Amino acid sequence: MSKFRTHKCNELNKQKIGDKVSLSGWINKKRDHGNLLFIDLRDNYGITQCIIDKENSNFKKLEKIQLETVIKIDGKVVERTNESINNDIETGEIEVVIKNFQVLGECKELPLPVFTDREYAEEIRLKYRFLDLRRKKIHENIILRSKVISFIRNEMNKLGFLEFQTPILTSSSPEGARDFLVPSRLNPGKFYALPQAPQQFKQLVMVSGFDKYFQIAPCFRDEDARADRSPGEFYQLDLEMSFVEQEDVFNVVEKLFVNTFKKFSKKELLFNKFPKIAFKDSMLKYGTDKPDLRNPLVIYDITETFLRDDVSFEIFKKLVKSGSKVRCIVTKNTKDKPRSFFDNIDKWAKEQGASGLAYFTIEKEKEILAKGPVGKFFSKDSLNEIMTKTEAKVGDSIFLACGKVEEVEKITALARDKIGKDLGLIDENVFAFCWIVDYPMYEIDNQTKKIKFSHNPFSMPQGDINKINFEKPLEILAYQYDIVCNGIELSSGAIRNHIPDLMYKLFDVVGYSRSDVDQKFSGMINALSYGAPPHGGIAPGIDRIIMLLANEKNIREVTMFPMNQNAQDLMMNAPSSVSENQLKELNLSIKNKK
RNA sequence: GGGGGUGUAGCUCAGUUGGUUAGAGCGAUCGCCUGUCACGCGAUAGGUCGAGGGUUCGAGUCCCUUCACUCCCGCCA
């Protein structure tokens, strides 16, 4: 028997009435009636109400004890009267009459309350994370995280995947995010980099003949944080398979997701078979490559209508002539919405940095006409054209944006979310998964105007590899895919290019010479030259999966010890200064101390 | 790097048009209370109004600068 307890705080019930028991835990709450004291004792498993009265010599001491003190109590289980049963807790039919108690861990005055559902400032939560983590919701989130990871691990094992660890200290890679660097003591002036993902290693695992690999892999990227993006580090379910095509990866991952989400959430899956949307179509219909498919709104391109002579919307017409696009969103049956509904959206769009959203409502009097600030610019025939293109009906409204393709995609994507939410079109009780496929191999870098890899440089281009037209690189598609759920990008993956010659040609397009490639990716390119199997994989983000399952909007709510937005750990005081001696050993000196 | 929001007691927040000694709830301390489960009642302590500067007879409130936290843009193959 344990020195500290005979039962956990969720275990006692009517069957145990009369038993002498010991419990250990935190004092969650006290209710002091002067001559009678209730103590809610909490541990990881639950809460048990303990009770003591003034007849007991321990009464005065317990009355004074701080909340969150860790104590052990010895006592007897007694039945509660019918009126005093508490159905909110598992042990609500009984209580423990305290005989003796012992303080196991004292508690100073609390900097933040543990027993409350109230939200409080992030800063104090992070500094006292160990207290914050005692609170119900986040405590449960972290337990959920453990269970999900354990479930995934088990599923992967069942599917024949082998779990391997790959190095944490590795080399800096020229592509992608900013690296975290670690100075090498034994190699002065040189640095390791923490892996942004075990990308090259997992491919090497395939070349090494292990066939199916996975890992709950820590990934490190020195980029700025967002609500759904931890600064610094996060976890991926990294996986890779040999002798597979895109569909084979899809089948494995889709099953895994369906099983995981059905097991850990009450929400319905909108699609058991995830729809596949080509990148190009997604950009057109949703303005983004991470569409929220819970939202029924769709974006239409009606640029051509603005070339008509009977459309007199001169601002847009002028822009269209200089290459701009007009995209629109149709809202069903909104003709009776108040003017403020439309104006709010226009105002909101301006706050997003767009020039606003024009709108009109289609009505029918003698004939079809458009009402609203820009309605007068449209003829009957032009409206009919728009109605055909967009399947809009009388009574529907149309929100219009005009601009360069990227601008118009961005604002319509945001507007689609905004209008969907405003109109209550989004079902919060479903998960809508989809695959985004057929990513382009390359894109134009907006800053440098040069061509660059749009995703992973190791992806396999689509089509006959002997007939790829390297003269038109922007037209080359890759076997590159993402999983998106409810507008959140959960994973991206690819079938890899395992053919060195092809790799050189693809890198040549972005200006890497053969020797550049040999140098920067020596491990990879060398390995691919010694008999590499065709292979591919994907890497779903664990933290975001847990976010969805826990119904949280912020990744810190599912991360045990997160850093703040400035990548500082307020509890451990990281990052911190180091001694001169440490710097000296590493051959480093700090240039500007501030 | 840029934009928005927030910053008042240990915690969560209120504080009107610039006007007396800056308030409430929770927590803390002290007292009362034997059936609560957000127990109740009474009292006490607790404040660099994030910091600095300015306007003013007078600033928590207005202006400027700055710091911290947060959300977004950039960034994240």
Side-chain angles (χ1 to χ4, degrees), chain A residues 28-42 47-56 59 63-64 66-68 78 80-89 91-92 95 97 107-128 131-132 173-179 196-197 199-200 219-232 234 351-354 410-411 414 439-443 445-447 452-459 478 480 482 489 492-494 506-507 510 539 541 553-554 556 563-566 568 570:
Chain A
N28 192 58
K29 189 70 188 164
K30 286 190 297 183
R31 287 174 297 281
D32 188 353
H33 290 232
N35 294 312
L36 178 72
L37 172 67
F38 296 97
I39 291 180
D40 290 340
L41 196 68
R42 182 196 75 237
I47 285 179
T48 303
Q49 174 166 284
C50 304
I51 185 167
I52 187 167
D53 71 15
K54 66 173 179 192
E55 304 305 320
N56 189 305
F59 181 80
E63 229 185 352
K64 296 290 170 221
Q66 286 275 354
L67 295 184
E68 293 305 310
V78 301
R80 294 203 203 182
T81 59
N82 269 338
E83 309 81 70
S84 61
I85 285 173
N86 181 352
N87 289 315
D88 296 336
I89 55 175
T91 58
E95 61 198 3
V97 177
C107 182
K108 297 198 285 188
E109 187 178 343
L110 293 166
L112 54 86
V114 172
F115 172 70
T116 171
D117 292 330
R118 196 178 264 166
E119 309 241 341
Y120 44 102
E122 202 80 35
E123 197 174 357
I124 197 107
R125 292 182 61 190
L126 294 183
K127 185 167 179 194
Y128 296 95
L131 290 178
D132 190 35
S173 66
E175 295 285 319
R178 202 176 287 114
D179 283 316
Q196 295 178 22
Q199 180 62 38
Q200 294 192 55
C219 302
F220 305 89
R221 296 177 191 174
D222 188 2
E223 296 293 350
D224 290 352
R226 287 287 182 280
D228 64 351
R229 207 166 77 201
S230 293
F234 61 99
E351 283 164 10
Q352 303 303 308
K410 198 173 140 192
I411 189 63
L414 289 170
Y439 276 85
M441 191 84 207
Y442 300 102
E443 64 188 14
D445 186 314
N446 272 334
Q447 284 169 356
K452 65 167 192 179
F453 286 107
S454 69
H455 272 71
N456 186 328
F458 305 126
S459 298
Q480 165 88 43
D482 277 11
E489 182 191 320
S492 64
L506 291 166
F507 268 99
V510 298
K553 296 228 169 357
N554 194 298
R556 289 185 296 273
M563 296 198 283
N564 71 7
Q565 197 169 43
N566 294 321
Q568 297 159 339
L570 300 175

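The shown structure was predicted, so the numbers you read here are calculated from the model rather than taken from an experiment. These numbers come from the heavy atoms of this one structure, side chains and all, not from hydrogens, waters or symmetry mates. Numbered from 1 within each chain, the chains take letters A, B, ... in sequence-line order.
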Is the shortest side-chain N to carboxylate O distance from A:Asp40 to A:Lys29 below 4.0 Å?
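A salt bridge is absent here (no side-chain N lies under 4.0 Å from a carboxylate O).
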
Picking from [options], which would you name as closest to the side chain of [X]?
X        : options             : value
A:Tyr120 : B:C76, B:A28, B:U12 : B:U12
A:Ser84  : B:A28, B:C76, B:C37 : B:C37
A:Lys64  : B:C76, B:C30, B:G1  : B:C30

[atom1] of [X] versus [atom2] of [N]: gap in Å, rounded?
X        : N     : atom1 : atom2 : result
A:Gln66  : B:G10 : CD    : C1'   : 11 Å
A:Gln196 : B:C75 : CD    : C1'   : 12 Å
A:Glu119 : B:U6  : CD    : P     : 17 Å
A:Leu112 : B:C13 : CG    : P     : 13 Å
A:Leu36  : B:G40 : CG    : P     : 15 Å
A:Ile52  : B:C33 : CD1   : P     : 17 Å
A:Asn87  : B:C37 : CG    : P     : 14 Å
A:Arg125 : B:C11 : CZ    : C1'   : 13 Å

Verify stack between A:His33 ring and B:U36 base, 5.5 Å, 30 degrees
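One would not call A:His33 stacked on the B:U36 base.
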
Could I get a table of every N or O pair under 3.5 Å where one atom is in the protein and the other is in nucleotides 70-72 of chain B?
residue: B:U70; atom: OP1; partner: A:Gln565; partner atom: N; Å: 3.3
residue: B:U70; atom: OP2; partner: A:Gln565; partner atom: N; Å: 3.1
residue: B:U70; atom: O3'; partner: A:Arg556; partner atom: NH2; Å: 3.3
residue: B:C71; atom: OP1; partner: A:Asn554; partner atom: ND2; Å: 2.5
residue: B:C71; atom: OP1; partner: A:Arg556; partner atom: NH2; Å: 2.8
residue: B:C71; atom: OP2; partner: A:Gln565; partner atom: NE2; Å: 3.3
residue: B:C72; atom: OP2; partner: A:Ala227; partner atom: N; Å: 2.9

If we take the [atom1] atom in both [N] and [M], what is their distance in whole Å?
N     : M     : atom1 : result
B:U21 : B:U65 : P     : 31 Å
B:C37 : B:C41 : P     : 12 Å
B:C67 : B:C57 : P     : 32 Å
B:U16 : B:G60 : P     : 12 Å
B:G27 : B:C69 : C1'   : 23 Å
B:C63 : B:U56 : P     : 16 Å
B:G58 : B:C11 : P     : 32 Å
B:G54 : B:C73 : C1'   : 33 Å

Below 4.5 Å, heavy atoms only, C-beta onward: do A:Ile124 and A:Tyr128 meet side chain to side chain?
yes

Within the side chain of A:Tyr120, is there an N or O that forms a donor-acceptor pair under 3.5 Å with the backbone of A:Pro113?
yes

Looking at A:Lys30 and A:Leu37, would you say the former's side chain and the latter's main chain have a donor-acceptor pair under 3.5 Å?
no

Write down the partner of [N] under the Watson-Crick or G-U wobble criteria, each distance required to be under 3.5 Å.
N     : answer
B:G74 : none
B:G25 : B:C11
B:G58 : none
B:A68 : B:U6
B:G31 : B:C41

Would you classify [X] as touching base, sugar-phosphate or nothing, given that sugar-phosphate means primed atoms plus P, OP1 and OP2, and contacts are heavy atoms under 4.0 Å?
X        : answer
A:Ser459 : nothing
A:Ile124 : sugar-phosphate
A:Arg80  : base
A:Lys452 : nothing

Point-to-point distance, once rounded to the nearest 0.5 Å, from CG of A:Asp179 to CG of A:Asp222:
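Between A:Asp179 CG and A:Asp222 CG, I get 8.5 Å after rounding to 0.5 Å.
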
Starting at NE2 of A:His33, measure out to CZ of A:Phe38 and round the result to the nearest 0.5 Å.
5.0 Å

Could you walk me through whether A:Lys108 and A:Glu68 pass the salt bridge (charged side-chain N to carboxylate O under 4.0 Å, His left out) check?
CA-CA 9 Å; A:Lys108 297 198 285 188; A:Glu68 293 305 310; over 6 Å; no

Which residues satisfy the ring pair (Phe, Tyr, Trp, His ring centres under 6.0 Å) test with A:Phe507, sequence neighbours excluded?
A:Phe453, A:Tyr512, A:Phe521

Could you go through the side-chain contact (heavy atoms from CB on, under 4.5 Å) check for A:Ser230 and A:Met563 one step at a time?
CA-CA 7 Å; A:Ser230 293; A:Met563 296 198 283; over 6 Å; no

A:Lys410 side chain N/O closer than 4.0 Å to the phosphate oxygens (OP1, OP2) of B:C73?
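A:Lys410 to B:C73 OP1/OP2: no side-chain N or O under 4.0 Å.
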
OP1 or OP2 of B:C39 less than 4.0 angstrom from a side-chain nitrogen or oxygen of A:Arg31, does that happen here?
yes

Say whether A:Asn564 and A:Glu123, considering side chains only, have a donor N or O and an acceptor N or O under 3.5 Å apart.
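No, A:Glu123 and A:Asn564 have no side-chain donor paired with an acceptor closer than 3.5 Å.
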
Is it the case that the base of B:C75 and the side chain of A:Arg229 share a donor-acceptor contact (distance under 3.5 Å, atom types as modelled)?
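Under the 3.5 Å cut-off, the side chain and the base do form a donor-acceptor pair.
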
When only distance counts, do a donor and an acceptor, one from the side chain of A:Glu95 and one from the base of B:G35, lie under 3.5 Å apart?
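When only heavy-atom distances are counted, A:Glu95 does reach the base of B:G35 through a donor-acceptor pair under 3.5 Å.
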
For RNA chain B, whose closest nucleotide is more 5', that of A:Pro457 or that of A:Gln568?
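The residue whose closest nucleotide sits nearer the 5' end is A:Gln568.
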
Nearest nucleotide by nearest heavy atom, which residue falls closer to the 5' end of RNA chain B, A:Leu67 or A:Glu443?
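Checking each residue's closest nucleotide, the 5'-ward one belongs to A:Leu67.
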
